[in-house]
S.K.: 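So that we are looking at the same thing, I have put the structure below in structure tokens.
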2 protein chains.
Amino acid sequence: MARKPPQAASKQRGRKIEDKRSVILSAALGLFSRFGLHGTTVDQVAARAEVSKSNLLYHFANKEELYVSVLRELLQVWLEPLRGFAAEQDPRTAIAGYIRNKLALSRDRPDASRLFCLEMVQGAPLLRDALARELRDLVERKSEVIRAWVADGRLAPVEPHHLVFALWAVTQHYADFAVQVEALTGRTLADADFFEETVRNLQAIVLDGIARRPGGAA
Amino acid sequence: MARKPPQAASKQRGRKIEDKRSVILSAALGLFSRFGLHGTTVDQVAARAEVSKSNLLYHFANKEELYVSVLRELLQVWLEPLRGFAAEQDPRTAIAGYIRNKLALSRDRPDASRLFCLEMVQGAPLLRDALARELRDLVERKSEVIRAWVADGRLAPVEPHHLVFALWAVTQHYADFAVQVEALTGRTLADADFFEETVRNLQAIVLDGIARRPGGAA
DNA sequence: GTCTATAGGTGGATAGAC
DNA sequence: GTCTATCCACCTATAGAC
């Protein structure tokens, strides 16, 4: 699996091949994220990457290997923002920053978010192993950080997993359900005002909650 | 479009046909939600519904009509819980109840949530119109309710759209990303303890927020 | 209304020249 | 490494008997 074409002798040649592979990968991401694995044809990917179908199949043994290659890159992008959490930080700052970073990702790489979502909804047959290992380890380490914050009384008593899920869910929503967001608000994250409004609202909801007593602290 | 097979004269016969249609629809929902429109074959749906392929194609003119029929039913299920919101209610109770209802739906009808998600992620080519009409109207009406709560000082100043998105996102996450939730927690909403834990945590996060000052009110 | 058989089209993958 | 031509499996949809 994941066979690479035989490496050429010179570095320049290897470079060119990597360039072509990455052009194909990014064309594939765009299409897979919109139409899914089965809704996309190798022909379409080749056309978008401006290579012939048989040339594409020279660089990637078959369609599924191409798909898995795209997913592999994705997982890294996906995990990145969470790595930031550290117990020394002020939790309020850390979480506010996380929401902003993740929303920026939803704005700048919606394709990545959508493909990840598609794969997950369909049971992640090709990501199960990665989930069980890398993701699980990372989330466990960050859960410890959250538990420490709670123990210090700097955070309300919350199960770390549910907080992580909530943070993921509310931020990805703007990428994965962008069509719905736009249908209902008429705006997208590309609109700088809307982006800031979204950041503020999500930070306020998660950090301070929405319930108020009439006559209480506004 | 949406041609129904010629209605038979007797009521009993019409009843039988509706039964068969609904068996096919529910088989289709299960498969479409897992493998998508293009990842599912008519043969598979027919096998699961225990009818022959050509018989299925007697009741539904073609694969896409079947798919759209499934989606149409879905949208109603989807919209239901939101209808509950009314300005007379106590917002805290209304929102806590909404979270519980929506999570129960994620537990009991994960297929519906997943197919809706799949369709949305892929740009909802077949739901765009419905979104622009029904959903938009409903959300606008409920946004007014939320604005009234804010004006009364019973809710923190929040943009209604973002609150609605956040409520949707955090609750559906447990259906759409169930694989991930299970990989990370080892549990599912079918586990009654986990269900209650999830309800409590999400209600606490959204209603009261998670930020605390050390030494402040726990 | 339900079946069997099959037409007709699509798309993944390979062969083999250059 | 890249191309053209082609094979072959799969799948939707229809034809036509019962």
Side-chain angles (χ1 to χ4, degrees), chain A residues 1-25 27-28 30-32 34-71 125-126, chain B residues 1-25 27-28 30-32 34-71 125-126:
Chain A
M1 252 178 259
R3 158 192 83 88
K4 283 197 181 178
Q7 284 301 329
S10 88
K11 286 172 194 167
Q12 290 186 358
R13 206 165 185 88
R15 179 89 175 81
K16 265 191 184 171
I17 289 185
E18 282 312 305
D19 281 355
K20 177 166 275 191
R21 278 180 66 95
S22 80
V23 169
I24 293 172
L25 284 170
L31 289 164
F32 285 147
R34 234 172 283 278
F35 308 110
L37 170 60
H38 300 290
T40 303
T41 70
V42 174
D43 255 328
Q44 293 169 332
V45 177
R48 184 186 266 224
E50 297 185 298
V51 300
S52 71
K53 176 165 67 164
S54 49
N55 191 12
L56 188 158
L57 288 170
Y58 169 79
H59 290 285
F60 297 89
N62 53 49
K63 190 186 185 182
E64 188 169 303
E65 186 193 308
L66 172 61
Y67 186 73
V68 174
S69 301
V70 174
L71 283 184
L126 303 169
Chain B
M1 255 178 256
R3 158 193 83 87
K4 283 197 182 178
Q7 284 300 331
S10 88
K11 286 172 193 167
Q12 289 186 359
R13 206 165 185 89
R15 178 90 175 80
K16 266 193 183 169
I17 290 185
E18 283 312 304
D19 281 355
K20 176 166 276 189
R21 279 179 67 96
S22 78
V23 169
I24 293 171
L25 285 170
L31 289 163
F32 285 146
R34 234 172 283 277
F35 308 110
L37 171 60
H38 300 291
T40 303
T41 70
V42 175
D43 255 329
Q44 292 169 333
V45 178
R48 183 186 266 224
E50 296 184 298
V51 301
S52 72
K53 177 167 64 164
S54 49
N55 190 11
L56 189 157
L57 288 169
Y58 169 78
H59 291 284
F60 297 89
N62 54 48
K63 189 186 184 180
E64 189 169 301
E65 186 193 308
L66 172 60
Y67 186 74
V68 173
S69 300
V70 174
L71 283 183
L126 301 169

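Keep in mind the model is a prediction, meaning the values are calculated, not measured.
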S.K.: Mind checking what makes side-chain contact (heavy atoms from CB on, under 4.5 Å) contact with A/Ser52, not counting sequence neighbours?
M.R.: A/Ser54, A/Asn55
S.K.: Residues two or more places apart in sequence or in another chain: which of them pass side-chain contact (heavy atoms from CB on, under 4.5 Å) with B/Val68?
M.R.: B/Glu64, B/Arg72, B/Leu126
S.K.: Nucleotide by nucleotide, 5' to 3', does protein get under 4.0 Å of the base (B), only the sugar-phosphate (S), or neither (-) in nucleotides 11-18 of chain D, counting heavy atoms?
M.R.: SBBB----
S.K.: Mind calculating the distance between CZ (B/Phe60) and P (C/dT2) to the nearest angstrom?
M.R.: 12 Å
S.K.: Does C/dC3 have OP1 or OP2 under 4.0 Å away from a side-chain N or O of B/Ser52?
M.R.: yes
S.K.: Who passes ring pair (Phe, Tyr, Trp, His ring centres under 6.0 Å) against A/Phe35, sequence neighbours left out?
M.R.: none
S.K.: Keeping to residues at least two apart or across chains, list the salt bridge (charged side-chain N to carboxylate O under 4.0 Å, His left out) pairs with something in residues 44-61 of chain A.
M.R.: A/Asp43-A/Lys53
S.K.: Nearest whole Å is fine: how far is C/dG11 P from A/Phe35 CZ?
M.R.: 13 Å
S.K.: Mind calculating the distance between CG (A/Leu66) and P (C/dA13) to the nearest angstrom?
M.R.: 10 Å
S.K.: I want to check something: taking the side chain as every heavy atom from C-beta on, are A/Phe60 and A/Val42 in contact at a cut-off of under 4.5 Å?
M.R.: no
S.K.: side-chain contact (heavy atoms from CB on, under 4.5 Å) with A/Ser22: which residues, sequence neighbours excluded?
M.R.: none
